2 protein chains.
Amino acid sequence: EQAVISGIAHDTSEAKLTIRGVPDFPGIAAQLFEPMATADINVDMIVQNTSTDGTTDISFTVPKSTLDQARTIASEIANSMRARSVDVDSSIGKVSLVGAGMKSHPGVAAAVFRVLADASINIGMISTSTIRISCVVAEADTDRAVQVLHERFEPPNVSEEVGA
Amino acid sequence: EQAVISGIAHDTSEAKLTIRGVPDFPGIAAQLFEPMATADINVDMIVQNTSTDGTTDISFTVPKSTLDQARTIASEIANSMRARSVDVDSSIGKVSLVGAGMKSHPGVAAAVFRVLADASINIGMISTSTIRISCVVAEADTDRAVQVLHERFEPPNVSEEVGA
Ligand SMILES: C[C@@H](O)[C@H](N)C(=O)O
Ligand SMILES: C[C@@H](O)[C@H](N)C(=O)O
């Protein structure tokens with residue numbers, strides 16, 4: 001399968017919340033996101049890695065305009081499930097390489113990480129699939145991240161139409 | 001924007017590796033995935049959450065057939081970057097709800113997490129975007145996860161064509 005890079009997208013309209021130390025058993029993720037949905041808070045990227053010692057962290061992004069509301073709800077839920085804390089980062093940017101067949105071309109993800117590293121851009125979060133490689137970086141690094149990715153991958157000029 | 005659920009996909013052909021406690025500065029992700037690419041190991045899902053205390057974990061999935069090779073490489077790299085450990089789970093299943101517009105419909109992700117919780121299926125990893133909600137569960141829970149998601153979402157019968 002050919003790897004196709006169709007575009008590079010970016011988004012600086014969101015903020016990130018991280019619930020630290022949530023218990024890792026059934027029902028926890030539902031308990032966190034059902035109230036968010038009820039409050040009509042648009043949740044975009046959700047990232048949860050594997051637990052250690054029975055707890056893990058859950059991060060998610062929301063429009064900056066709804067950050068305060070999301071933080072209030074998250075704090076209540078964190079308390080009720082005895083999570084350790086709620087961290088907030090309102091200065092993030094999401095940068096995504098969009099394409100197809102990238103699972104069969106591991107060099108693509110490696111190259112994304114390499115160009116960002118060579119530009120001294122730290123990668124705060126990673127979420128990938130065969131059609132999308134998304135990295136959360138500092139908001140201040142977003143434009144430069146987009147620039148170096150364009151220089152490396154030279155995708156067709158469709159990035160304006162592609163959501164991050 | 002209308003939320004559209006186009007299918008439910010699942011994949012039990014992969015294994016998961018987690019490098020625990022990698023340093024969180026530029027170059028680390030590249031150092032891990034460049035050798036994987038050089039060794040032609042197809043990396044599918046990469047998940048990294050936000051760091052605490054300057055370190056974080058990076059998880060990724062590979063075809064089970066390449067697990068041993070991936071583990072060998074990962075262990076060497078983990079040592080060189082003084083990561084804490086390499087964990088492996090060869091009994092995972094990936095289940096994905098595929099669609100569009102899900103960022104604007106937070107109830108969809110919440111419902112995915114709820115149906116899995118009600119089926120007593122623990123969610124080990126989460127990675128979402130506006131077009132895909134992916135959960136890693138125990139391999140033994142995969143069929144049941146697909147079943148309860150089908151019951152809840154009743155997507156068009158396209159799940160056989162949709163990659164997880
Ligand atoms: C941490 C959270 O994902 C939990 N494992 C659940 O299934 O809800
Ligand atoms: C942890 C890893 O992603 C690191 N922050 C990097 O940029 O490579």
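Residue numbers begin at 1 in each chain, while the letters A, B, ... track the order of the sequences. From a predicted model like this one, the values you see are computed outputs, not experimental measurements.
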Close side-chain approach of A:Thr52 and B:Arg84, heavy atoms under 4.5 Å: yes
Interface residue of largest heavy-atom contact number with chain B, from A:Ala119, A:Pro63, A:Ser51, under 4.5 Å: A:Ser51
Reported OG1-to-NZ distance for the pair B:Thr61 and A:Lys103, which is rounded to 0.5 angstrom: 7.5 Å
Any residue meeting salt bridge (Lys or Arg N to Asp or Glu O under 4.0 Å) with A:Asp143, in chain and number order, not counting sequence neighbours: none
hydrophobic_cluster_shared for B:Val43 and B:Ile92, side chain cutoff 4.5 Å: no
Salt bridge (Lys or Arg N to Asp or Glu O under 4.0 Å) partners for B:Glu76, two or more places apart: none
Heavy-atom pairs under 4.5 Å with chain A, option from B:Gly27, B:Gly124, B:Gly107 with the top count: B:Gly124
Pair B:Asn42-A:Ser104, side-chain donor/acceptor within less than 3.5 Å: no
ILVMFWY network linking A:Ile133 to B:Ile19, side-chain heavy atoms under 4.5 angstrom: yes
In one Ile/Leu/Val/Met/Phe/Trp/Tyr side-chain cluster, 4.5 Å: A:Ile8, A:Val4: no
Joint cluster assignment, A:Val47 & A:Leu67, ILVMFWY side-chain distance < 4.5 Å: no
Pairs satisfying ring-ring contact (aromatic ring centres under 6.0 Å, His included), at least one member in residues 77-99 of chain A, at least two apart: none
Toward chain B, the part of A:Thr50 with a non-hydrogen atom under 4.5 Å: both
Side chain / backbone / both / neither for A:Ser127 at chain B, heavy atoms under 4.5 Å: both
Expected output: side-chain B:Gln48 to main-chain A:Ile123 donor-acceptor under 3.5 Å: yes
Residue pair B:Ile126 / A:Ala29: nearest heavy atoms and the distance that separates them: CD1-CB, 4.1 Å
ILVMFWY network linking B:Val95 to A:Phe33, side-chain heavy atoms under 4.5 angstrom: yes
Per-residue contact mode, A:Leu32 against chain B (heavy atom under 4.5 angstrom): neither
For chain A, the option from B:Ile121, B:Asp40, B:Asp118 that forms the most heavy-atom pairs under 4.5 Å: B:Ile121
Heavy-atom pairs under 4.5 Å with chain A, option from B:Met36, B:Met45, B:Arg20 with the top count: B:Arg20
Atom pair CD1/CG of B:Ile58 and A:Asn49 - distance to nearest 0.5 Å: 9.0 Å
Trace of the side chain to side chain contact (heavy atoms under 4.5 Å, CB included) decision for A:Ile131 with B:Ile131: CA-CA 11 Å; A:Ile131 61 171; B:Ile131 60 171; 3.5 Å; yes
Toward chain A: residues of residues 108-117 of chain B with heavy atoms under 4.5 Å: B:Ala109, B:Ala110, B:Phe113, B:Arg114, B:Ala117
